[in-house]
Trainee: 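Handing you a structure now.
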Protein chains: 2
Amino acid sequence: MSLREKKKIETKNKIFEVSGRLFKEKGFENTTIDEITKEAEIGKGTFFNYFPTKEALLLYFAEKKDELTYSLIESETAKSIHTKDKIKNLLVFLAESYERDKELTKLMIFEYIKYKRGTGLKFGEDQSRRNRLSRILHDFLGNGVKKGEVREGIDVKTAAETLTAVYFQSVMVWLWSESDYSISEDISGKIDLVFEGIGS
Amino acid sequence: MSLREKKKIETKNKIFEVSGRLFKEKGFENTTIDEITKEAEIGKGTFFNYFPTKEALLLYFAEKKDELTYSLIESETAKSIHTKDKIKNLLVFLAESYERDKELTKLMIFEYIKYKRGTGLKFGEDQSRRNRLSRILHDFLGNGVKKGEVREGIDVKTAAETLTAVYFQSVMVWLWSESDYSISEDISGKIDLVFEGIGS
DNA sequence: GTTTAAATATGACTGCGGTCATGTAAGGTT
DNA sequence: AACCTTACATGACCGCAGTCATATTTAAAC
């Protein structure tokens, strides 16, 4: 690795570390780029060589967090339990991983939506969050059909999207609510419902 | 009505009208407050007597739109058809009302999420969108149970929230996707799924 | 009609995100 | 080692959202 590459990584990590600290100390909005660059001992312009906007930092945070979370998931999902429980465990685990840093999570999710607006993503190109989750659920459901735990003849893609929808909705409502109810129970209940159906 | 009140309404409408025109002409981001106030022939500071931020305009737009939409809905929902179809009609109607002005709709939804972040809404206080929709669905499902079209013993609140989740997810994915598929079919399919259930 | 009080209007000003022309240093070339 | 090229660093600068002290208009009080 060349000296240049080393310095680049160092600078990016420095920005990451400093901004993380400042965000925790005084919040995202109250932290200015000037502060970050002063603390990180770089010029203001340099910041924008690494992150195109202030908000891009949030996406970077989200990526780092996702890396960790999804690597944990993949080692957890080998277990041979009932498909419904597998899905419950997965979604509850994900939801609970947001419990720390509720404020920053909101901003991150928020930014993620905004981000999708700006970029013209081709289908299948977006590997993060929603789609990544849909893929895992898709696998689970496919196996569920084979095991006879999921109704045959179902459209697996639609089912995966529906479960994803339920999950995101629950997380959003939970994040934005004042009260402190159990996200696990909420999600579990809704998954039960989707498995059993509403119709008579 | 006093002269003051008249002028206030006039000014607010003028801002609304001018900004609407400019947003359509050149987009939200490319329109500055300076432009709006110049076109509306008011001082810059005056704008902020009517809207606390530029984004607040989007919420005002959304409100106006919702007023119209929900007034149409209430006259439509009297029909005595099967509960599932009633729900399908409702959600498809709502989704299709976003077909015009896809760009502005995105910004509005986006802003709505942001807005919820800032305000400490008490439960039941938020009469708009998500909760309003949940309430209507709640009613539909309640009647559905009575008519024997919805499975008895179901938690109506959870079911309403699940359907809302499916609806919002569909709209979001649709709004942010490049392709031009049928939102009606997508939502219909998912409602069928939720009614029939995933489990075997 | 005059005075007083309250509401509203206003634009110079501030603060911050983001740009860009210019400077500096790394690494390749001879 | 002297020179060149390319990548990266930098801070003065710009544009725009939002503020605030001051001015103006309306309404109330007498």
Side-chain angles (χ1 to χ4, degrees), chain A residues 1-23 25-61 104 107-108 110-111 114-115 117-119, chain B residues 1-23 25-61 104 107-108 110-111 114-115 117-119:
Chain A
M1 185 183 294
S2 70
L3 179 52
R4 276 209 173 136
E5 279 170 312
K6 263 188 229 166
K7 280 198 172 177
K8 263 178 85 168
I9 292 170
E10 232 174 70
T11 305
K12 189 157 190 174
N13 284 340
K14 189 83 200 236
I15 294 173
F16 180 63
E17 172 209 314
V18 166
S19 59
R21 205 184 64 235
L22 289 176
F23 291 167
E25 272 173 38
K26 31 191 298 187
F28 179 76
E29 336 246 36
N30 299 322
T31 305
T32 66
I33 307 281
D34 275 307
E35 279 177 290
I36 293 171
T37 52
K38 243 162 227 158
E39 288 262 334
E41 289 166 307
I42 55 173
K44 185 176 183 179
T46 306
F47 176 91
F48 293 96
N49 290 337
Y50 290 87
F51 300 95
T53 64
K54 186 185 175 187
E55 279 74 27
L57 264 172
L58 292 171
L59 285 176
Y60 188 67
F61 276 46
L104 211 59
L107 287 168
M108 272 162 31
F110 185 55
E111 195 48 37
K114 197 179 187 175
Y115 159 76
R117 187 160 58 85
T119 57
Chain B
M1 184 184 290
S2 71
L3 179 53
R4 274 205 174 139
E5 280 170 310
K6 263 188 230 166
K7 278 196 171 178
K8 263 179 86 169
I9 293 170
E10 232 174 69
T11 305
K12 190 158 191 176
N13 284 341
K14 189 85 199 236
I15 294 173
F16 179 63
E17 172 209 314
V18 165
S19 59
R21 206 182 64 235
L22 290 175
F23 292 166
E25 271 172 39
K26 31 191 297 188
F28 179 77
E29 336 246 36
N30 298 322
T31 305
T32 67
I33 306 280
D34 275 306
E35 281 177 288
I36 294 171
T37 52
K38 246 163 226 158
E39 288 262 334
E41 291 166 306
I42 56 171
K44 186 176 183 178
T46 305
F47 177 91
F48 293 96
N49 289 338
Y50 291 86
F51 300 96
T53 65
K54 186 186 176 187
E55 280 74 26
L57 264 173
L58 292 171
L59 285 176
Y60 188 66
F61 277 46
L104 210 60
L107 288 167
M108 273 163 29
F110 186 53
E111 195 48 38
K114 196 180 190 176
Y115 160 75
R117 187 162 56 88
T119 57

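Since the structure is predicted, the reported quantities are computational estimates derived from the model, not experimental observations. Naming: A, B, ... by sequence-line order, numbering from 1 per chain.
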Trainee: Just call it for T37(B): base, sugar-phosphate, or nothing, with non-hydrogen atoms closer than 4.0 Å on any strand.
Mentor: nothing
Trainee: Nearest to the side chain of R4(B), heavy atoms from C-beta on, is which of dG17(C), dA7(C), dA7(D)?
Mentor: dA7(C)
Trainee: Less than 4.5 Å apart, side chain to side chain, heavy atoms only: is that true for L22(A) and I36(A)?
Mentor: yes
Trainee: Quick one: does NZ or CZ of K12(A) land under 6.0 Å from the six-membered ring centre of F51(A), within 45 degrees of the ring axis?
Mentor: yes
Trainee: Using a heavy-atom cut-off of 4.0 Å across all strands, would you classify T32(B) as base, sugar-phosphate, or nothing?
Mentor: sugar-phosphate
Trainee: Check every strand shown and say whether K54(B) touches a base, only sugar-phosphate, or nothing at a heavy-atom separation below 4.0 Å.
Mentor: sugar-phosphate
Trainee: Could you tell me how the ring of F61(A) sits relative to the ring of F23(A): parallel (under 30°), tilted (30 to 60°) or perpendicular (over 60°)?
Mentor: tilted
Trainee: What is the distance from NZ of K14(B) to P of dA9(C), rounded to the nearest Å?
Mentor: 14 Å
Trainee: From CG of D34(A) over to C1' of dT14(C), roughly how many Å is that when rounded to an integer?
Mentor: 14 Å
Trainee: Looking at dA7(D), dA9(C), dT8(C), which one has an atom nearest to any side-chain atom of K8(B)?
Mentor: dT8(C)
Trainee: Would you mind checking if E25(B) and R21(B) are paired as a salt bridge, meaning a charged N to carboxylate O distance below 4.0 Å?
Mentor: yes
Trainee: Measure CG/N30(B) against P/dC16(D) and give the value in whole Å, please.
Mentor: 10 Å
Trainee: Please report, rounded to the nearest Å, how far the C1' atom of dA6(C) is from the CD atom of E5(B).
Mentor: 14 Å
Trainee: Under 4.0 Å between a side-chain N or O of K7(A) and OP1 or OP2 of dA26(C)?
Mentor: yes
Trainee: Closer than 3.5 angstrom, by distance alone: can the side chain of K54(B) be matched with the main-chain N or O of T31(B) as a donor-acceptor pair?
Mentor: yes
Trainee: Go nucleotide by nucleotide along DNA chain D from the 5' end; which of K44(B) and S2(B) gets its closest nucleotide reached first?
Mentor: K44(B)
Trainee: In this structure, how many angstroms lie between the C1' atom of dC16(D) and the NZ atom of K26(B), rounded?
Mentor: 12 Å
Trainee: Go through dA9(C), dT26(D), dG18(D) for me and flag the one nearest to the E55(B) side chain.
Mentor: dG18(D)
Trainee: Figure out the CD1/P separation between I33(A) and dT10(D), and round it to whole Å.
Mentor: 15 Å
Trainee: Of the options dA9(C), dT26(D), dC8(D), whose atoms approach the side-chain atoms of Y50(A) most closely?
Mentor: dC8(D)
Trainee: Name the closest nucleotide to the N49(A) side chain, picking from dA7(D), dT26(D), dA9(D).
Mentor: dA9(D)
Trainee: Rounded to whole Å, how long is the line connecting atom CD of E41(A) with atom C1' of dA9(D)?
Mentor: 15 Å
Trainee: What's the closest nucleotide to the T46(B) side chain, out of dA9(C), dA17(D), dT10(D)?
Mentor: dA9(C)
Trainee: Start at the 5' end of DNA chain D and walk down; is the nucleotide closest to G45(A) or to P52(B) reached first?
Mentor: G45(A)
Trainee: Rounded to the nearest angstrom, tell me the gap between atom CG in L3(A) and atom C1' in dC8(D).
Mentor: 12 Å
